[in-house]
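One structure is given below, encoded as structure tokens.
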Amino acid sequence: MSRPQSSNDGAIAPPFRIGLKAIAPDAWIEIDDRYAGQLAEKARLLVEKGDAVFRAAPESVAAQSEALEMLCNHLVADHPGRVMRNEAGVQCVSSGLCVSDHEQGEPPLMTASRLVQDDLVIMQKSGGAHRLTAASLCFPSSWRLGEKFGNTMAHIHAPVPEFGPGTRTAAMIERIFDNLQDDLPARRYNWSLYSAPTLYHPVADHHLTPDAMHARSPAAWLRVERQTLRRLPRSGAILFTIKICLDPLAVLREDAESRSQARALADHVDALTPAQADYKGMRDSRDAISQWLRNAAADTS
């Protein structure tokens, strides 16, 4: 299983909680063994999908440039075996991709997105709330950039139970954004179960059926999002990063740590309210999913 590097402290975390944790700046962006493949898939999507995967408002240009600069500096300093700087710009060692860390005829955030597995979203405060003003969203988990672009955080999360406009959680997220320290990124995890291993998944059609959960190796995929927040000090914007780790659910039988995660995930599935289970695509299959996870947790064969 290609787990997120920090799976031991909460990759399978309780859903519908903010659950942010401060991390050291050198742990901001993670790179794993899917790096080259996901960068290639991003490059394809940026060409083929156009404004379905990239949009930027004019007022975001300064923040985009700052995000590109910060990401380049971080990657070169903290991932020296993966990324290096040369006379042409910043190069990914595994793929040979080299991008300029200055203006090169495309939006700076698009250039930045070519260097990391993460999707990149810029939020800027306007009218008392943070709004989505630029994003490279190649690997969405059941949401469309065109429907969210320009919206506030509360309206972006309107479909999520207890996260939409007027909720306590929405107000808390705004306070977190306002108080985020320049030199202290924060991280959280989010998980879902999907019926297909597709990285580009803008449509909420990932519902699992009870029948799909009967096999020892079901047609189900665990999709974990490693999300980070970091303030861009010059512009004051927030850079939101989303890295996808996608594995067949059957990996939760592999070893003792995996079985422990299966048990924790079963507890979270059982604790979902009906509205939360519906949002997660488990309206009819929650009991079957929970039983499969508990069987996996008990499997020592």
Side-chain angles (χ1 to χ4, degrees), residues 1-21 23 30 32-34 117-118 139-143 157 159-163 169 186-199 201 204-228 242-301:
M1 179 179 182
S2 181
R3 299 183 184 89
Q5 294 177 11
S6 303
S7 61
N8 288 336
D9 70 8
I12 307 248
F16 303 99
R17 299 182 189 176
I18 297 176
L20 278 170
K21 179 179 179 179
I23 56 174
E30 287 186 351
D32 61 30
D33 57 5
R34 305 179 192 190
Q117 292 167 258
D118 310 57
F139 306 147
S141 298
S142 300
W143 63 286
H157 288 92
V160 185
E162 302 168 22
F163 272 69
T169 305
R187 184 209 62 218
R188 71 183 294 267
Y189 290 100
N190 186 39
W191 62 265
S192 298
L193 298 180
Y194 275 59
S195 57
T198 308
L199 284 167
H201 204 292
D205 61 354
H206 59 285
H207 291 225
L208 296 170
T209 65
D211 289 345
M213 301 307 302
H214 290 323
R216 180 179 176 83
S217 298
W221 295 76
L222 177 62
R223 188 181 181 104
V224 176
E225 295 177 284
R226 180 187 185 267
Q227 304 174 354
T228 76
I242 312 162
K243 177 175 175 284
I244 301 296
C245 183
L246 191 60
D247 287 288
L249 192 62
V251 299
L252 294 182
R253 293 181 181 271
E254 281 187 350
D255 52 36
E257 181 184 348
S258 299
R259 292 191 291 273
S260 176
Q261 290 194 336
R263 188 175 301 107
L265 187 55
D267 290 342
H268 300 330
V269 169
D270 289 343
L272 296 174
T273 67
Q276 292 169 346
D278 189 32
Y279 177 77
K280 286 285 189 182
M282 303 178 187
R283 178 187 303 170
D284 302 317
S285 57
R286 176 165 59 170
D287 291 346
I289 291 169
S290 175
Q291 187 59 57
W292 188 93
L293 290 166
R294 295 199 183 281
N295 290 343
D299 185 1
T300 57
S301 59

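Owing to the predicted nature of the structure, the values given are computational and were not obtained by experimental measurement. Positions are given from 1, in the same order as the sequence printed here.
Considering only residues two or more places apart in sequence or on other chains, Thr228 meets the side chain to side chain donor-acceptor pair (under 3.5 Å) condition with Trp28, Thr241. For Asp205, there are no salt bridge (Lys or Arg N to Asp or Glu O under 4.0 Å) partners, not counting sequence neighbours. Ala186 meets the side-chain contact (heavy atoms from CB on, under 4.5 Å) test with Leu20, Leu180; sequence neighbours excluded. Here Asp287 pairs with nothing under the salt bridge (Lys or Arg N to Asp or Glu O under 4.0 Å) rule; sequence neighbours left out. Under the salt bridge (Lys or Arg N to Asp or Glu O under 4.0 Å) criterion, Arg216 pairs with Asp299, not counting sequence neighbours. Qualifying side-chain contact (heavy atoms from CB on, under 4.5 Å) partners for Ala250, counting only residues two or more places apart in sequence or in other chains: Ser217. Residues satisfying the side-chain contact (heavy atoms from CB on, under 4.5 Å) criterion with Thr273, sequence neighbours excluded, are Ala275, Gln276. With sequence neighbours excluded, the residues forming a side-chain contact (heavy atoms from CB on, under 4.5 Å) with Ser290 are Ala266, Val269, Asp270, Arg294, listed by chain and number.
Between the Arg34 side chain and the Leu246 main chain, a donor and an acceptor come within less than 3.5 Å of each other. Proximity of a side-chain donor or acceptor of Trp292 to a complementary backbone N or O of Ala212 within less than 3.5 Å is not detected. The closest donor-acceptor contact from the side chain of Thr198 to the backbone of His201 lies at 3.5 Å or more, if one exists at all.
Between the side chains of Arg223 and Ser141, at least one donor N or O sits under 3.5 Å from an acceptor N or O.
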